[in-house]
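Read the numbers this way: they start at 1 and go in the same order the structure lists the ligands and their atoms.
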Amino acid sequence: MGLCRSIGRNGILRFTVYTRLFHAEVMQSSSPANTFDAVVLGGGSAGYAAARTLAGSGLKTAIVEGADRMGGLCILRGCMPSKALLQAAEVRHLARHAATWGIRVPEAALDLSAVMRRKDALIESFAQHRQAQLTSGRFSLVRAQARFGDPHTLILDHGERLTAAHIVIATGSTVAPPPLPELAQVGYWTSDEVLAMDRVPPSVAVLGGGPIALELAQLLARFGSEVTLIQRSARVLREFDADAAQALEAALRREGIRLMTGTRLTGAGRCGNRKFVQFEHAGQTTRIEAEELLMALGRHPNLAGLDLERAGVRVERGRIVTDAQQRTSQAHIFAAGDCTGPHQIVHLAVRQGEIAAHNIARPQQPRAFDQRLLLQVVFTDPQVATVGLTEHQAHLRQIPFLSASYPFNDHGKSMILDVQEGFVKLLATPGSGEILGGTAVGPVAGELIHEITVAMAKRMTVHELAAVPHYHPTLAEIWTYPAEELADRIPPMPGNAP
Ligand SMILES: Cc1cc2nc3c(=O)[nH]c(=O)nc-3n(C[C@H](O)[C@H](O)[C@H](O)COP(=O)(O)OP(=O)(O)OC[C@H]3O[C@@H](n4cnc5c(N)ncnc54)[C@H](O)[C@@H]3O)c2cc1C
């Protein structure tokens, strides 16, 4: 049997069963209906952003999406469900510590099914919104898995072919394989299982020390699990400055999470109903038993089955190689989002998708991805956020800088909130005082960091930031302290003062 395609009013390519003869014809030639100016492979954050921009530029565009449920990682199994659950965990944590503010809460009991129902309802509404965007008719939506046949042809899993002058690969990421083969036999949770759990395991060993590992470790601990986090490097959050990681480690330890850093995993197994991991730590072999193991060692670009070699697209260290214009080694093929790595962050995925589309539609006015304003946020409590340059990166790249920081526990509004850890830090150029980067570890750091992002986008100096009015008492006014300190140390010169 073969398939024939028609485009419905909502832009979905519909496939109808026809005769084997017809199928053979379709397999051999591409009709104008399945020939596009641009085809986007993957309908997640990067893919949707690319398709919307391409169609908005007047190009005949299709998205090919292979998942049963549309929405992409961020909405279905990433940012949004994890943040919905973290919010519930924070409310419980505050209720359990309400006595700090003189409020008695007799029992802050967890109703996990109610928590999950709220999360599911939110996700359903976000997913419906994305589905409406994908089926709006601005571009065609093809529900199929696709792989490359040649540099201009995609073969769909039901045999149909699409041809395109340009292709954007936006196929996302998958959980990295376990570091030890035993782990696959023992069985483990990934973020997917945590986000859909119907019981809170009494104890969990978390493998990993990146943002997702830390967020889920604190979530599980605040829901009642006894959590041990096992991390290979000497501290958590390798990409952040050591002072930021240490402040978060102190806060997590104070909450009762056991952190074991500088470890080397050597084995895993089962012990009755429990699971264990074995590792070297501080010169000794240590074994941690728990009800569940959570593997949170990161995600890899999802390139399996794409047959990229048929398209001539270069892959290095498992990632599609692109230039700053999101162009791959093939001039007409672009890539965006998690499949390009190394930063798996949703607003980057969106921006990269838009840049790829822009450069397809308007190659004579190319746009490039600007790494200067790279933002990263970890939604733990305290939150950890950074934009631009960190001290660690400045040292590595031998960029001269001055830095100043200010602690939250010496700041009026934070003391009202009972904030015990964290700080804000600014980096500036010694000569002009231009802000090079900011880090915040503390309450709503993920919101606060945007003040520095805006300042950096406008290339403001510390003198200019210090002179911006800040309402009192607010958390945001804490930025004025390091800004003032740096402004005092960097003599004003024409152009850097307000
Ligand atoms: C637990 C968790 C929490 C996170 N929290 C945050 C956060 O707070 N903030 C943040 O910025 N980021 C967060 N992220 C990361 C963020 O979700 C991703 O960076 C982002 O969703 C990637 O978007 P994408 O478009 O590249 O990929 P995806 O959204 O995964 O889209 C890829 C799409 O391609 C489709 N596809 C794949 N292969 C094929 C094929 N061969 N044919 C057809 N279709 C195909 C897939 O079905 C999928 O829909 C989190 C991730 C996780 C796992």
Short list, please: which atoms of ligand 1 are under 4.0 Å from a heavy atom of [X]?
X: Gly337; answer: 26 (O)
X: Val64; answer: 43 (C), 44 (N)
X: Phe379; answer: 8 (O)
X: Gly72; answer: 29 (O)
X: Leu41; answer: 42 (N), 43 (C)
X: Ala144; answer: 42 (N), 43 (C)
X: Ala67; answer: 47 (O)
X: Ser82; answer: 3 (C)

When you check the side-chain N and O atoms of [X] and [Y], is any donor under 3.5 Å from an acceptor?
X: Asn34; Y: Glu160; result: yes
X: Asp338; Y: Thr340; result: no
X: Arg314; Y: Ser329; result: no
X: Gln231; Y: Ser233; result: yes
X: Thr35; Y: Thr163; result: yes

Return yes if some donor-acceptor pair links the side-chain N/O of [X] with the main-chain N/O of [Y] below 3.5 Å, else return no.
X: Arg367; Y: Phe369; answer: no
X: Thr380; Y: Pro382; answer: yes
X: Asp323; Y: Arg327; answer: yes

Residue and atom name of the nearest protein heavy atom (relative to [atom]), distance in Å to one decimal:
atom: atom 19 (O) of ligand 1; value: Asp338 OD1, 2.7 Å
atom: atom 5 (N) of ligand 1; value: Lys83 NZ, 3.2 Å
atom: atom 27 (O) of ligand 1; value: Gly172 CA, 3.3 Å
atom: atom 42 (N) of ligand 1; value: Ala146 N, 3.0 Å
atom: atom 51 (C) of ligand 1; value: Ile212 CD1, 3.7 Å
atom: atom 2 (C) of ligand 1; value: Gly78 CA, 3.4 Å
atom: atom 50 (C) of ligand 1; value: Cys79 N, 3.9 Å
atom: atom 49 (O) of ligand 1; value: Glu65 OE1, 2.7 Å

Has [X] got any heavy atom lying under 4.0 angstrom from an atom of ligand 1?
X: Gly353; result: no
X: Arg147; result: no
X: Arg77; result: yes

With nothing but distance in play, are any N or O atoms of [X] less than 3.5 Å from an N or O of ligand 1?
X: Ser173; answer: no
X: Ala46; answer: yes
X: Gln145; answer: yes
X: Leu73; answer: yes

Quiz item: Should Glu193 and Thr190 be marked as a side chain to side chain donor-acceptor pair (under 3.5 Å) after you check the CA-CA gap, both sets of side-chain angles, and the distance that decides it?
Solution: CA-CA 6 Å; Glu193 282 72 35; Thr190 67; 2.7 Å; yes
With heavy atoms only and a cut-off of under 4.0 Å, state how [X] meets ligand 1: side chain, backbone, both or neither.
X: Leu216; result: neither
X: Leu306; result: side chain
X: Asn302; result: side chain
X: Pro81; result: neither
X: Ala170; result: backbone

Self-check item: Between CG on residue Asp370 and CZ on residue Arg351, distance to nearest 0.5 Å
Solution: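 Rounded to the nearest 0.5 Å, the CG-CZ separation comes to 9.0 Å.
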Quiz prompt | Within 6.0 Å of CZ in Arg92, more than 12 heavy atoms from elsewhere | solution =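 Correct, the count exceeds 12.
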Self-check item: CZ (Arg317) with more than 12 external heavy atoms under 6.0 Å
Solution: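 Atom CZ in Arg317 is not packed in, count stays at 12 or less.
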Quiz prompt | The one among Cys74, Gly66, Gly47, Gly44 that brings a heavy atom closest to atom 45 (C) of ligand 1 | solution =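 Minimum heavy-atom distance to atom 45 (C) of ligand 1 goes to Gly66.
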Quiz item: Taking all non-hydrogen atoms of both residues, which atom of Trp479 and which atom of Lys425 are closest, and how far apart?
Solution: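 Nearest heavy atoms, Trp479 then Lys425: CZ3-O, 3.7 Å.
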Quiz item: Is the shortest side-chain N to carboxylate O distance from Asp157 to Arg147 below 4.0 Å?
Solution: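 A salt bridge is absent here (no side-chain N lies under 4.0 Å from a carboxylate O).
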Quiz item: Would you call Arg222 and Asp381 a salt bridge, taking side-chain N to carboxylate O under 4.0 Å as the test?
Solution: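 A salt bridge is present here (some side-chain N lies under 4.0 Å from a carboxylate O).
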Practice problem: Could you walk me through whether Arg254 and Gln420 pass the side chain to side chain donor-acceptor pair (under 3.5 Å) test, one step at a time? | Solution: CA-CA 10 Å; Arg254 209 158 47 84; Gln420 300 187 20; 3.1 Å; yes
Quiz item: Side chains of His93 and Gln218: closer than 4.5 Å at any heavy-atom pair?
Solution: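 Of all side-chain heavy-atom pairs linking Gln218 with His93, none is under 4.5 Å.
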